[in-house]
Participant: 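What follows is a structure written as structure tokens; I'll ask about it next.
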Amino acid sequence: LAISKDYFTINKKKSWITNSKSRNLGNFLRSQYNCLLTTSKTINNDNPLLNCRVESLEKKSPALVILDRYFKLKKNLKILKIKNMKIYIFTTVIEKSKANFFKKKGIKIIKLCPRDISPVKILYKIKKLGLNRIFVESGSSFLCKLLKLRLVQNLYLFKSSKKLLSSGKNNSSISYIKKVKISQKNKVKVNLYGDNLYKVKL
């Protein structure tokens with residue numbers, strides 16, 4: 001997760017909160033996992049690539065699992081243009097024409113019962129796909145759910161040196177993120193030109 005110095009997760013004026021050095025390191029972290037878990041809300045809002053764009057590590061991009069309860073994923077997304085990227089959509093709703101569109105793009109759609117959409121059951125479903133090193137990149141709402149259920153092993157927190165003040169906002173409560181105790185011992189020794197990275201074992 002990237003946050004500003006005053007704990008905002010969204011910059012209303014710019015696309016980014018942290019600098020390019022932090023974003024490059026985030027790309028590298030993706031290469032260490034075989035699954036990247038996110039939500040359709042995050043993808044629809046940010047239209048990210050979510051692959052590894054570090055030179056020589058491009059093939060280490062993880063498979064992408066998208067939680068899309070009501071099948072609201074847009075069609076004009078950057079991730080659909082990435083070659084050889086394994087993408088799975090977990091949903092409780094299937095709209096035939098839209099499903100066919102995604103299937104033609106090589107995306108696998110997995111329909112779940114509403115009772116199986118809980119975070120714990122989602123993780124078991126992912127494990128059955130042969131993916132067991134899961135890296136979560138999502139909005140604060142989903143991350144807080146995982147923190148509340150104690151499903152996070154390591155939290156990577158990229159913190160900007162700048163305050164966003166009136167330019168910052170949060171779409172949901174970040175109370176569980178604020179409860180995570182961060183100290184100097186959690187600080188990763190890497191020069192991010194003003195930003196800081198904290199790795200907290202939970």
Side-chain angles (χ1 to χ4, degrees), residues 1-2 9-12 14-17 23 26-27 29-31 33-53 58-149 151-152 156 158 169-174 177:
L1 184 72
T9 60
I10 297 170
N11 188 335
K12 292 187 286 186
K14 296 180 180 180
S15 300
W16 310 106
I17 287 178
R23 297 197 296 275
N27 267 263
L29 288 175
R30 290 173 188 161
S31 72
Y33 296 81
N34 61 11
C35 173
L36 195 155
L37 175 61
T38 190
T39 65
S40 57
K41 183 178 179 181
T42 295
I43 292 184
N44 285 342
N45 288 344
D46 301 341
N47 196 14
L49 286 167
L50 295 177
N51 58 346
C52 178
R53 297 185 297 281
E58 293 90 350
K59 291 183 180 180
K60 291 284 188 178
S61 293
L64 180 62
V65 174
I66 304 167
L67 302 187
D68 189 6
R69 184 190 291 260
Y70 301 115
F71 212 28
K72 292 186 176 182
L73 197 67
K74 295 177 181 177
K75 294 181 178 180
N76 57 334
L77 298 166
K78 293 177 181 177
I79 57 169
L80 301 180
K81 298 176 182 177
I82 301 174
K83 294 181 179 179
N84 302 318
M85 188 177 195
K86 289 184 179 179
I87 302 176
Y88 302 86
I89 298 174
F90 285 13
T91 184
T92 60
V93 179
I94 295 288
E95 187 210 310
K96 192 172 181 180
S97 61
K98 193 173 183 181
N100 288 336
F101 171 83
F102 286 126
K103 286 177 181 178
K104 287 178 181 177
K105 297 286 184 181
I107 296 172
K108 186 171 183 179
I109 299 170
I110 299 174
K111 190 174 186 296
L112 303 175
C113 296
R115 65 177 180 272
D116 290 334
I117 204 72
S118 70
V120 173
K121 290 186 176 181
I122 287 295
L123 294 178
Y124 277 112
K125 294 285 184 183
I126 292 173
K127 187 177 180 181
K128 285 184 177 180
L129 294 174
L131 305 170
N132 54 13
R133 300 193 314 279
I134 302 171
F135 190 62
V136 179
E137 284 192 58
S138 70
S140 56
S141 178
F142 183 65
L143 177 57
C144 280
K145 285 182 183 178
L146 298 179
L147 289 171
K148 183 179 180 180
L149 293 169
L151 294 174
V152 178
Y156 294 95
F158 288 88
K169 75 170 186 175
N170 292 311
N171 280 338
S172 61
S173 170
I174 61 167
I177 296 168

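We're numbering straight along the sequence, starting at 1.
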Participant: What distance separates S118 OG from L149 CG, expressed to the nearest 0.5 Å?
Facilitator: 8.0 Å
Participant: Regarding S138 and T42, is there a side-chain donor-to-acceptor distance under 3.5 Å anywhere?
Facilitator: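 No, because no side-chain N or O of S138 sits under 3.5 Å from a partner of the opposite role on T42.
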Participant: Are the side chains of L80 and F101 in contact, using a 4.5 Å heavy-atom criterion?
Facilitator: yes
Participant: Before you tell me yes or no, could you show the steps for L112 and I122 under side chain to side chain contact (heavy atoms under 4.5 Å, CB included), namely the whole-Å CA-CA distance, both residues' side-chain angles and the distance that decides it to 0.1 Å?
Facilitator: CA-CA 9 Å; L112 303 175; I122 287 295; 3.5 Å; yes
Participant: Identify the two heavy atoms, one from N34 and one from P62, that lie closest to each other, and give their separation to 0.1 Å.
Facilitator: C-CB, 3.6 Å
Participant: Does one side chain, of D68 or T91, offer a donor that lies under 3.5 Å from an acceptor on the other?
Facilitator: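 Checked: D68/T91 side chains show no N/O donor-acceptor pair below 3.5 Å.
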Participant: Measure the spacing between CZ of F90 and CD1 of I117 and express it to the nearest 0.5 Å.
Facilitator: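 Nearest 0.5 Å value for the CZ-CD1 distance: 8.5 Å.
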Participant: Which of these, D46, L50, I43, L29, sits in a side-chain contact (heavy atoms from CB on, under 4.5 Å) with E137?
Facilitator: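 Among D46, L50, I43, L29, the one meeting side-chain contact (heavy atoms from CB on, under 4.5 Å) with E137 is L50.
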Participant: Could you check if a side-chain atom of L129 sits within less than 4.5 angstrom of a side-chain atom of I110, using non-hydrogen atoms only?
Facilitator: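 SC-SC contact between L129 and I110 confirmed.
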Participant: Side chain to side chain donor-acceptor pair (under 3.5 Å): which pairs involve residues 72-88, sequence neighbours left out?
Facilitator: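 Qualifying pairs, neighbours excluded: none.
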Participant: Any side-chain heavy-atom pair from I79 and I66 closer than 4.5 angstrom?
Facilitator: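 Yes, their side chains come closer than 4.5 Å.
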Participant: Do I17 and F158 have side chains that approach each other closer than 4.5 Å (heavy atoms only, starting at C-beta)?
Facilitator: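 They are not in contact (no side-chain heavy atoms under 4.5 Å apart), so the answer is no.
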Participant: Do other residues, nucleotides or ligands put more than 12 heavy atoms under 6.0 Å from the NZ atom of K98?
Facilitator: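 It does: K98 NZ has more than 12 such atoms within range.
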Participant: Got a second to check how far Y33's OH is from L131's CG, nearest 0.5 Å?
Facilitator: 14.0 Å
Participant: Would you say T39's side chain and L67's backbone share a donor-acceptor pair under 3.5 angstrom?
Facilitator: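 Absent.
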Participant: Restricting to pairs with a member in residues 106-135, which pass salt bridge (charged side-chain N to carboxylate O under 4.0 Å, His left out), not counting sequence neighbours?
Facilitator: D116-K121
Participant: Would you indicate whether the side-chain heavy atoms of I109 and K103 approach each other to under 4.5 Å?
Facilitator: yes
Participant: Looking at CD1 of I89 and CZ of R69, how far apart are the two atoms once the value is rounded to the nearest 0.5 Å?
Facilitator: 15.5 Å
Participant: Is a side-chain N or O of R30 found less than 3.5 angstrom from the main chain of N51, in a donor-acceptor match?
Facilitator: yes
Participant: So, taking the atom named OG in S31 and the one named CD in E58, what distance separates them when rounded to the nearest 0.5 Å?
Facilitator: 10.5 Å
Participant: Hey, what do you get for CD1 (I174) to OG (S141), rounding to the nearest 0.5 Å?
Facilitator: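 OG of S141 is found 12.0 Å from CD1 of I174.
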Participant: Within the 4.5 Å heavy-atom criterion, are F142 and T38 side-chain neighbours or not?
Facilitator: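 They are not in contact (no side-chain heavy atoms under 4.5 Å apart), so the answer is no.
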Participant: Is the closest side-chain heavy-atom distance between C144 and I177 below 4.5 Å?
Facilitator: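 Yes, at least one pair of side-chain atoms sits under 4.5 Å.
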